[in-house]
Q: 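Take this structure first; my questions come after.
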Number of protein chains: 2
Amino acid sequence: MQGYDKYAFEPFAVTVDLAVLTIRAGRLQVLLVERGQEPYAGRWALPGGFVLPDESAETAARRELAEETGLADVSGLHLEQLRTYSEPDRDPRMRVVSVAYTALLPDAPEPRGGGDAASARWLPYDGPGPLAFDHDRILADAHHRVGAKLEYSCLATAFCPPEFTLGELQRVYETVWGTELDRPNFRRKVLATSGFVEAVPGAARLTGGRGKPAALYRAGPATALHPPLLRPSREGRPS
Amino acid sequence: MQGYDKYAFEPFAVTVDLAVLTIRAGRLQVLLVERGQEPYAGRWALPGGFVLPDESAETAARRELAEETGLADVSGLHLEQLRTYSEPDRDPRMRVVSVAYTALLPDAPEPRGGGDAASARWLPYDGPGPLAFDHDRILADAHHRVGAKLEYSCLATAFCPPEFTLGELQRVYETVWGTELDRPNFRRKVLATSGFVEAVPGAARLTGGRGKPAALYRAGPATALHPPLLRPSREGRPS
DNA sequence: CTCTTTATAGTCCTACTGACTATTAAGGAG
DNA sequence: CTCCTTAATAGTCAGTAGGACTATAAAGAG
């Protein structure tokens with residue numbers, strides 16, 4: 001790798017794939033597009049596209065995210081590189097190396113198909129059978145990563161609107177992990193972690209609630225949880 | 001991303017870069033090659049090279065690892081994808097997207113330059129000034145990742161020979177984290193984590209030791225640490 | 001007004017861990 | 001051989017985090 005001219009190399013197409021996750025109707029949902037052409041015509045796929053000549057993968061991912069969600073301002077959303085998939089046969093048409101990103105959205109409006117792709121839609125994480133290409137694996141990796149990061153980072157607030165209740169925050173953990181948490185213990189842990197959330201000055205929330213109105217919180221300045229908030233029981237958090 | 005023919009895309013060169021870490025002489029050391037040509041002639045760089053047409057990035061990384069270290073059997077070494085670096089200007093000659101990997105080695109023989117590259121050498125992690133390209137950042141990311149994974153995974157044994165003492169294992173933590181740990185507490189924690197290490201049937205080690213001979217252990221079947229072994233004090237473990 | 005629902009407050013009790021002290025078993029210096 | 005140093009191993013003790021659980025408060029539904 002000292003002088004490129006001395007070495008032959010094959011040029012690859014480089015794309016980004018997006019695993020965009022949100023919580024709607026109490027379920028973990030994914031943004032998917034339906035493929036209209038072969039291969040995998042009719043299958044659901046993760047949104048994505050080519051990295052343009054003057055873009056970094058990160059820039060391309062954020063551009064695609066804006067196009068596929070139709071959101072005007074996508075700058076505040078959590079976007080994080082997941083990993084790169086480069087198996088030679090992952091796309092039957094040509095050699096494509098794909099840099100996968102995970103994005104987390106709070107409220108999740110139904111996407112208006114304002115981009116180049118066919119209309120993207122929210123679908124339940126466990127819902128639609130096998131995805132196109134290796135997207136099942138990418139999506140599973142994204143879910144695994146997000147579940148793990150909930151334990152030791154403040155990532156959960158990325159699923160919440162700017163102001164949220166501790167009940168909503170707890171539902172994020174429960175939905176992603178697929179477990180139930182003890183409410184008093186969850187409150188105690190979150191409030192004891194300085195910088196995780198901070199109370200909104202003078203507010204409570206009543207409108208839609210069926211029970212006692214809950215206090216509102218905002219995401220705090222912290223990014224890491226010390227000590228972590230471990231998921232209950234079951235052993236094994238590989239990789 | 002439904003039909004590639006409809007979209008223009010630029011072909012990129014795809015490479016792998018390796019952050020190969022080991023512990024030698026009580027210090028964290030990195031495998032580096034000296035660049036002979038511009039750009040960055042004379043600077044140290046991470047070993048790496050092009051992904052070949054029929055290779056995945058993972059395969060290419062393992063091939064480069066074997067070439068650069070000169071080790072005959074590289075199959076047992078810990079190799080893990082770090083992340084992908086794709087800034088358009090990261091290589092002044094052309095557009096290169098690089099998939100970075102982190103590898104951990106136990107004993108660390110001085111590499112015999114048996115590959116295509118100029119002789120690779122072990123250098124202290126904090127040693128050689130600025131590296132070529134964006135390799136300083138890649139190396140820092142690798143160090144950060146390894147430090148974080150020591151907390152919640154059994155990765156530390158990847159730095160150790162097949163049979164090791166708990167003192168050696170502790171030195172891995174101390175060297176990577178740059179902190180000192182309490183020895184009795186470390187022992188208690190490691191031995192209490194089932195599957196982390198297991199005692200070698202009937203053996204102790206005396207030869208080189210200045211003190212009481214230590215018992216030998218092997219890596220156990222576990223991959224994750226529950227609960228984690230957190231580094232002392234200082235807050236903040238970002239990303 | 002009562003029941004249901006959700007938020008919030010507080011109490012045990014156990015396990016984990018940080019900070020120690022003590023003991024054992026080598027090698028080295030005299 | 002004896003003392004000293006070094007490192008491994010054993011054990012103690014207290015503070016704390018967290019799991020399980022009970023109790024109270026404040027809304028809406030009927």
Side-chain angles (χ1 to χ4, degrees), chain A residues 26 150-152 160 163-175 177 179-200 202-217 222 224-235, chain B residues 26 150-152 160 163-175 177 179-200 202-217 222 224-235:
Chain A
L150 286 188
E151 292 194 320
Y152 58 88
C160 295
E163 299 190 346
F164 53 87
T165 70
L166 295 188
E168 291 175 305
L169 189 66
Q170 180 176 348
R171 248 161 270 133
V172 170
Y173 279 87
E174 293 178 332
T175 304
W177 286 348
T179 61
E180 294 215 337
L181 300 176
D182 180 82
R183 199 186 310 255
N185 291 342
F186 180 82
R187 293 178 55 79
R188 185 221 286 160
K189 174 68 184 176
V190 169
L191 295 177
T193 305
S194 80
F196 191 2
V197 299
E198 47 195 27
V200 173
R205 175 216 203 186
L206 357 120
T207 49
R210 275 195 300 281
K212 176 176 174 177
L216 287 174
Y217 293 86
L225 257 49
H226 278 283
L229 201 163
L230 300 176
R231 0 141 98 98
S233 58
R234 66 168 65 174
E235 300 286 290
Chain B
L150 286 188
E151 292 195 319
Y152 58 89
C160 295
E163 298 191 345
F164 52 88
T165 70
L166 295 187
E168 291 175 305
L169 190 66
Q170 180 175 350
R171 248 162 268 133
V172 170
Y173 279 88
E174 292 177 332
T175 305
W177 285 349
T179 60
E180 294 216 336
L181 300 176
D182 180 81
R183 198 186 310 254
N185 291 342
F186 180 82
R187 292 177 56 79
R188 184 220 287 157
K189 173 70 183 176
V190 170
L191 295 177
T193 304
S194 80
F196 190 1
V197 299
E198 47 194 27
V200 173
R205 177 216 204 188
L206 358 118
T207 48
R210 274 195 298 283
K212 176 176 176 177
L216 286 174
Y217 293 87
L225 257 49
H226 279 282
L229 202 164
L230 301 176
R231 0 141 98 97
S233 58
R234 66 167 65 174
E235 300 287 291

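Residue numbers start from 1 in every chain, and the chains themselves are labelled A, B, ... in the order their sequence lines are given, proteins ahead of strands. The structure displayed is predicted, hence computed values, not measured ones.
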Q: Measure the distance from CZ on B:Phe186 to P on D:dG11 and round it to the nearest whole Å.
A: 20 Å
Q: Output the rounded distance in Å from CG (B:Asp182) to C1' (D:dA7).
A: 14 Å
Q: Provide, to the nearest angstrom, the distance between the CD atom belonging to B:Glu174 and the P atom belonging to D:dA7.
A: 12 Å
Q: Dump the intermediate steps for side-chain contact (heavy atoms from CB on, under 4.5 Å) on A:Tyr152 and B:Leu230, then the final yes or no.
A: CA-CA 11 Å; A:Tyr152 58 88; B:Leu230 301 176; over 6 Å; no
Q: Sugar-phosphate means primed atoms, P, OP1 and OP2; the rest is base. With that split, encode nucleotides 12-18 of chain D 5' to 3' as B, S or - using protein heavy atoms under 4.0 Å.
A: B----SB
Q: State which of D:dA26, D:dC21, C:dA19 makes the closest approach to the side chain of A:Pro213.
A: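 Nucleotide nearest to A:Pro213's side chain: D:dA26.
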Q: Starting at NZ of B:Lys212 and ending at C1' of C:dA25, how long is that distance when rounded to a whole Å?
A: 6 Å
Q: Partners of A:Tyr173 by ring pair (Phe, Tyr, Trp, His ring centres under 6.0 Å), sequence neighbours excluded?
A: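 Partners of A:Tyr173 by the ring pair (Phe, Tyr, Trp, His ring centres under 6.0 Å) criterion, ordered by chain and then number, come out as A:Trp177, A:Phe186.
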Q: Hey, is the side chain of B:Arg210 poking within less than 4.0 Å of OP1 or OP2 on C:dG27, counting only N and O atoms?
A: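 Result: no.
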Q: Within this structure, what is the CG-CZ distance for the pair A:Leu166 and A:Phe196, rounded to the nearest 0.5 Å?
A: 9.5 Å
Q: For residues A:Leu216 and A:Glu163, report the shortest heavy-atom separation together with the two atoms involved.
A: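 That closest heavy-atom pairing would be CD1-OE1, 3.7 Å.
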Q: For the pair made of CZ in A:Arg187 and C1' in D:dC21, what is the distance, rounded to whole Å?
A: 16 Å
Q: How many Å lie between CZ on A:Arg231 and C1' on D:dG19, as a whole number?
A: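 Value for this atom pair: 18 Å.
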Q: For A:Thr165 versus A:Glu168, what's the shortest heavy-atom pair and its separation?
A: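 The answer is N-OE1, 2.8 Å.
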Q: Rounded to the nearest angstrom, tell me the gap between atom CG in A:Leu191 and atom P in C:dA9.
A: 8 Å
Q: Could you pull out the closest heavy-atom pair between B:Leu225 and B:Leu150, with the gap in Å?
A: CD2-O, 4.0 Å
